[in-house]
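Position 1 is the first residue of the sequence; numbering continues from there. Quick note: numbers below take in every heavy atom, side chains included, and nothing from hydrogens, waters or symmetry partners.
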Amino acid sequence: MFFPVFALLAGLIILVWSAERFIEGAASFAGHLGMPPLLIGIVVIGFGTSAPEMIVSALSALNHSPGIALGNAYGSNITNIALILGLTALIKPIMVNPSVLKKELPILALVTLLSALLINDATISRLDALILLLVFVAYMLWTIRREMRSKKRAHSLSEVPPQSRPKPDMSLRSAALRMLGGLVLLVASSQLLVWGAVQIAAYLGVSDLIIGLTIVAVGTSLPELAASIVAARKGQADLALGNIIGSNLFNTLAVVGIAGAIMPIRVESEIFSRDFLVMAVLTLSLFFFSYGWRKKTGMINRFEGACLLLSYIAYTAYLLNTTL
């Protein structure tokens, strides 16, 4: 049992560290190539912060552990909303950008509905995966086109922590080495994490889905957690919501799509009736909190943050109570 636990913890630590190195290197490399900062913010940083989830889910599918793949994607979404936004709002109430209310939140709701329709037959086929990936590509192209046409680029850049904004502060060679090195470590640490998670699940007699929904989901969401808490402490809590919505769109479309394209996934009944339902309810709660109810519209306050955090604690406790 020692080696699987060590592999899991080491994998998580290296995963978070290498993801940061990859983002830094990729952003600087893109800057040297003359890519517009806006495009770097949307594509490079967006892919970079979701790289842990994508690689872990892809390797899980290759290793015939679909529970970890889906648990990682949907569990990360639950963690992002309930745990990360909850903690962030407790530290400092989150002001909601009007653009988020009008565009990003409705898109996330529609994507969640599309996912529900696709997994309703208890299978994510390669066709389902292709649909998710095509929607993801369309969303990315639409976002890039919209932002490139906008006179003000502050919205897209505000979704990226200031310390992560692309600055070619290293040579092209150093940037390339850091990017490639980070990618290699990402893959290696993800493989280590998946192996440890599968072994622990077998030892405890629980499904790999539960491990994916809890330990792996929290581990791969650590970059978002760190960025959101830092932003809140610096008085920029509004950055967190944009980060979380973007991350959840990546997870629902790209992460699940990539895993399903590698290998069709059988969706266990509890995923739809329990985990996906929790994710959908939390997504809808963002509308309720953001639009306001007897309070100022466009803000997630500390009480609502506490409600989100308590919902995460209750959900996790229920998972552990019913499986251990």
Side-chain angles (χ1 to χ4, degrees), residues 5 7-9 11-16 19 49-61 63 65-88 108 112 115 119 186 189-198 200-201 204 206-229 240 243-256 258-259 265 267-268 270-272 274-283 308-309 311-324:
V5 172
L8 181 70
L9 294 177
L12 285 174
I13 293 172
I14 299 173
L15 185 74
V16 174
T49 54
S50 295
E53 286 91 345
M54 285 191 282
I55 294 177
V56 166
S57 291
L59 289 176
S60 298
N63 291 334
S65 299
I68 291 181
L70 283 184
N72 179 34
Y74 297 151
S76 291
N77 285 359
I78 293 170
T79 300
N80 285 343
I81 297 175
L83 176 61
I84 297 178
L85 279 185
L87 283 175
T88 304
L108 180 60
T112 303
S115 297
I119 70 172
L186 265 174
S189 59
S190 297
Q191 183 67 57
L192 191 64
L193 185 153
V194 170
W195 179 84
V198 171
I200 291 173
L204 296 177
V206 300
S207 68
D208 55 1
L209 171 64
I210 299 300
I211 299 297
L213 286 166
T214 53
I215 301 174
V216 177
V218 172
T220 55
S221 295
L222 287 178
E224 288 91 344
L225 176 61
S228 297
I229 290 178
N243 283 333
I244 294 309
I245 291 177
S247 178
N248 282 20
L249 282 169
F250 268 87
N251 291 340
T252 307
L253 295 172
V255 174
V256 176
I258 290 172
I265 300 173
V267 181
E268 299 178 26
E270 56 263 36
I271 291 181
F272 193 82
R274 181 191 62 200
D275 311 309
F276 192 91
L277 181 61
V278 169
M279 184 184 78
V281 170
L282 287 171
T283 301
L308 289 174
L309 187 58
S311 69
Y312 178 78
I313 294 173
Y315 168 73
T316 305
Y318 176 78
L319 283 181
L320 297 177
N321 185 58
T322 55
T323 55
L324 294 180

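Between the Ser311 side chain and the Leu308 main chain, a donor and an acceptor come within less than 3.5 Å of each other. Of the possible donor and acceptor atoms, none in the side chain of Asn321 sits under 3.5 Å from a partner among the backbone N and O of Ala317. At distances below 3.5 Å, at least one donor-acceptor pair connects side-chain atoms of Thr322 with backbone N or O atoms of Leu319.
For the pair Leu213/Glu270, no side-chain contact is recorded, criterion being any heavy-atom separation below 4.5 Å from C-beta on. Residues Leu209 and Ile68 form no side-chain contact, since every pair of their non-hydrogen atoms from C-beta on lies 4.5 Å or further apart.
Below 30°, between 30° and 60°, or above 60°: for Tyr315 and Tyr312 the angle between ring planes is between 30° and 60°, a tilted geometry.
Atom CG of Leu70 sits about 4.5 Å away from atom CD1 of Ile271, to the nearest 0.5 Å. Atoms CD1 and CG, from Ile211 and Asn72 in turn, are 12.5 Å apart once rounded to the nearest 0.5 Å. Here the straight-line distance linking atom CG of Leu282 with atom CG of Leu277 works out to 9.5 Å at 0.5 Å rounding. The CD1 atom of Ile78 sits 11.0 Å away from the CG atom of Asn251 when rounded to the nearest 0.5 Å. For the atom pair OG1 (Thr112) and CG (Leu249), the distance works out to 8.0 Å, reported to the nearest 0.5 Å. Here Tyr74 contributes atom OH and Thr79 contributes atom OG1; the two are 14.5 Å apart, rounded to the nearest 0.5 Å.
Between Asn248 and Ser76, the closest heavy-atom pair is OD1-O, 4.5 Å. Closest approach of Val255 to Ser57, counting heavy atoms only: CG1-OG, 3.1 Å. Annotation for Ala7 and Gly196: closest pair CB-CA, 4.3 Å, computed over non-hydrogen atoms. Between Ala61 and Ala259, the shortest heavy-atom distance links the atoms CB-O, 3.6 Å. Among all heavy-atom pairs drawn from Asn77 and Ser247, the shortest one is OD1-O, 4.4 Å. Scanning all heavy atoms of the two residues, the minimum distance from Ser221 to Asn80 falls at OG-OD1, 3.5 Å.
The number of heavy atoms from other shown groups lying within 6.0 Å of CZ (Phe272) is above 12.
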